[in-house]
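Reviewing the structure listed below.
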Amino acid sequence: SAGELSARSDSWELPVSGYQRTAGVALHDDELRFIAWVQTDGSVNRKTGVIQISQSTGSAERCHMIESVLCGCAFKWRYSDYSQATNFGPRRHPQRAYRVSRGKPRVSDKHLTGWARLAAWIPKVDPSAWARLEGMDARQWGVFLDAWHQGDGSKHNSEGQNWTRRSYHLAVKDKTVADWLQSMCVRRGWRSSVSPQANLFMVRAKKAVVRSIAGTNQRGRPHLVETPTFPDEQVWC
C-alpha cells in the first residue's frame with residue numbers, strides 16, 4: 001500500500017507508464033509524420049481540398065524535415081514564401097507555406113499522389129481518425145510524437161543551460177487533444193502530465209516506464225509523502 005511504501009527505508013520503483021498490446025497501424029513513418037505535422041502546423045482548405053503546412057524559413061532544419069516527409073509520402077507538393085507583416089509587426093523571417101492537393105496530379109508528376117489516401121487517418125479531416133491512430137504501436141508512437149514535438153513543441157534551451165532536455169513539452173489548445181496525447185503516452189511507455197498554461201495546455205512526456213523513489217534513509221531525492229486532499233480534485237488511479 002502507499003502507507004507501507006512511504007515507510008520503506010530503501011528505494012523502490014513506481015510504475016508511471018506501460019505497454020498496451022497493439023498490432024500497429026498500416027502507415028509508414030513519413031505518413032505518421034505528415035499526419036502529426038498537419039495536426040500541429042497544418043490546415044485543410046475545405047473549398048479547394050489543399051492541405052497547407054506552414055513554417056518559418058528561419059527554422060531551416062524543420063523546413064527540411066517537412067520537405068523530407070512530403071517526398072517520403074510520394075506527394076506532389078509546392079511551396080510559397082510570404083513576407084507580409086503580422087499583427088505583431090514585420091516578420092524576422094519569411095513564412096513558407098507547403099501545399100499538397102487532395103487528388104492525383106493531372107498535368108505533371110503523375111507518378112506522385114495527393115493526400116486523399118490518408119484522409120481516414122487525419123483528425124482535421126475526419127475526427128474519427130483519433131480512434132484509428134490509437135492502433136499505433138510503441139515504436140510508431142515515438143515517431144508520431146517526435147513529429148508532433150517538431151510542430152508544436154517547446155524546443156527552447158535557456159541561456160547558460162548546461163544540460164540537454166530529454167522530455168517533450170507540447171503546447172496544445174484543445175484539452176481533449178491534450179488528454180488524448182497523455183493517454184497514448186502512458187500506454188506506449190512514456191510518463192506524461194498535463195497542466196494549464198495561459199490559454200494552452202502543456203503536455204510533458206518523457207520515455208520512462210518507472211520512476212525511482214527514495215526510501216526514508218535517503219535525502220535529496222523524490223519521496224512518497226502524504227499531501228492534502230480536496231473534495232473536488234481528480235486523481236489518476
Side-chain angles (χ1 to χ4, degrees), residues 17 20 22 24-44 50-75 77 79 95-100 113-127 129-157 164-174 176-192 194 200-208:
S17 71
Q20 182 183 23
T22 179
V25 295
L27 298 171
H28 63 66
D29 289 357
D30 278 330
E31 290 172 334
L32 292 170
R33 294 184 182 105
F34 174 74
I35 295 166
W37 276 106
V38 172
Q39 290 304 122
T40 53
D41 283 344
S43 62
V44 183
V50 170
I51 280 181
Q52 179 172 298
I53 301 174
S54 300
Q55 187 65 224
S56 168
T57 55
S59 305
E61 182 181 359
R62 287 192 286 281
C63 285
H64 176 74
M65 288 178 182
I66 295 172
E67 293 169 11
S68 176
V69 165
L70 297 178
C71 290
C73 290
F75 291 148
W77 55 275
Y79 73 81
Q95 186 82 349
R96 179 160 294 177
Y98 295 92
R99 298 183 302 278
V100 183
T113 72
W115 60 263
R117 58 187 167 81
L118 298 180
W121 297 96
I122 303 174
K124 281 188 176 178
V125 176
D126 182 356
W130 290 117
R132 298 186 186 94
L133 289 171
E134 291 204 14
M136 285 185 281
D137 60 28
R139 190 199 66 79
Q140 290 176 322
W141 176 248
V143 171
F144 183 88
L145 190 62
D146 183 71
W148 192 294
H149 166 71
Q150 295 300 331
D152 268 356
S154 171
K155 293 163 280 289
H156 174 70
N157 287 328
T164 301
R165 180 185 286 176
R166 304 294 182 187
S167 59
Y168 290 154
H169 292 198
L170 314 174
V172 182
K173 293 181 180 178
D174 190 328
T176 302
V177 176
D179 287 342
W180 183 86
L181 287 166
Q182 184 188 34
S183 173
M184 284 294 291
C185 279
V186 298
R187 291 181 284 142
R188 298 297 182 273
W190 295 69
R191 87 182 195 208
S192 180
V194 178
L200 299 171
F201 295 93
M202 187 62 67
V203 181
R204 294 175 175 84
K206 185 175 182 179
K207 196 169 183 60

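Numbering of residues begins at 1 and proceeds along the displayed sequence.
- Side-chain atoms of Gln140 come within 3.5 Å of backbone N or O of Val25 as a donor-acceptor pair.
- Between Ser17 and Trp190 there is no side-chain heavy-atom pair separated by less than 4.5 Å.
- Looking only at distances, a side-chain donor or acceptor of Thr22 sits under 3.5 Å from a matching main-chain atom of Gly135.
- With sequence neighbours left out, the side-chain hydrogen bond (donor to acceptor under 3.5 Å, both in side chains) criterion links Thr113 to Arg117.
- Interatomic distance, CD of Glu67 versus CD1 of Ile53, reported as 11.0 Å (0.5 Å rounding).
- What you find for Asp29 and Val143 is that their closest heavy atoms are O-CG1, 3.8 Å.
- For the residue pair Asp174 and Phe201, the shortest heavy atom distance occurs at C-CD1, 4.2 Å.
- Note: Tyr79 and Tyr98 have tilted aromatic rings, judged against thresholds of 30 and 60 degrees for the angle between ring planes.
- Atom CD in Gln55 sits 10.5 Å away from atom CD in Glu61 (nearest 0.5 Å).
- Considering NE2 of His169 and NE2 of His149, their distance stands at 9.0 Å, rounded to 0.5 Å.
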- Task: Determine, stepwise, if the pair Tyr168 / Asp146 fulfils side-chain contact (heavy atoms from CB on, under 4.5 Å).
- Result: CA-CA 8 Å; Tyr168 290 154; Asp146 183 71; 2.8 Å; yes

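- The side-chain heavy atoms of Pro123 and Leu133, taken from C-beta on, include a pair separated by under 4.5 Å.
- Between Ile122 and Gln39, some side-chain heavy-atom pair lies under the 4.5 Å cut-off.
- No donor-acceptor pair closer than 3.5 Å links the side chain of Arg96 to the backbone N or O of Cys63.
- Looking at residues two or more places apart in sequence or on another chain, you find a side-chain hydrogen bond (donor to acceptor under 3.5 Å, both in side chains) between Ser59 and Arg62.
- Rounded to the nearest 0.5 Å, atoms NZ (Lys173) and CG (Asp152) are 8.5 Å apart.
- Here the side chains of Asp41 and Ile66 are not in contact, with every heavy-atom distance at 4.5 Å or above.
- A donor-acceptor contact shorter than 3.5 Å is absent between the side chain of Lys124 and the backbone of Val44.
- The line from SG of Cys71 to CG of Asp30 is 9.0 Å long, rounded to the nearest 0.5 Å.
- Of the possible donor and acceptor atoms, one in the side chain of Glu31 sits under 3.5 Å from a partner among the backbone N and O of His28.
- Phe34 and Leu118 make their closest contact through CD2-CD1, 3.9 Å (heavy atoms, listed as atom of the first residue, atom of the second, distance).
- Here the straight-line distance linking atom CH2 of Trp37 with atom CD1 of Ile51 works out to 14.5 Å at 0.5 Å rounding.
- Checked against side-chain contact (heavy atoms from CB on, under 4.5 Å), His64 has no partners two or more places apart in sequence or in another chain.
- Side-chain contact between Trp130 and Val177 is present, with heavy atoms from C-beta onward closer than 4.5 Å.
- Here Arg187 pairs with Glu134 under the salt bridge (Lys or Arg N to Asp or Glu O under 4.0 Å) rule; sequence neighbours left out.
- The salt bridge (Lys or Arg N to Asp or Glu O under 4.0 Å) search around Asp137 returns none, not counting sequence neighbours.
- Judged as a side-chain contact (heavy atoms from CB on, under 4.5 Å), and not counting sequence neighbours, the contacts of Ala116 are Arg102.
- Residues Leu145 and Ala205 share a closest heavy-atom pair of CD2-CB, 4.4 Å.
- Ser192 places a side-chain N or O within donor-acceptor distance of the main-chain N or O of Arg204, the cut-off being under 3.5 Å.
- When all heavy atoms of Leu200 and Ala171 are compared, the pair lying nearest together is CD1-CB, 3.9 Å.
- Between the side chain of Arg188 and the main chain of Met136, a donor-acceptor pair closer than 3.5 Å is present.
- Checked against the 6.0 Å centroid threshold, Trp141 and Phe144 count as a close aromatic pair.
- Using a 4.5 Å heavy-atom threshold, the side chains of Trp115 and Val38 count as separate.
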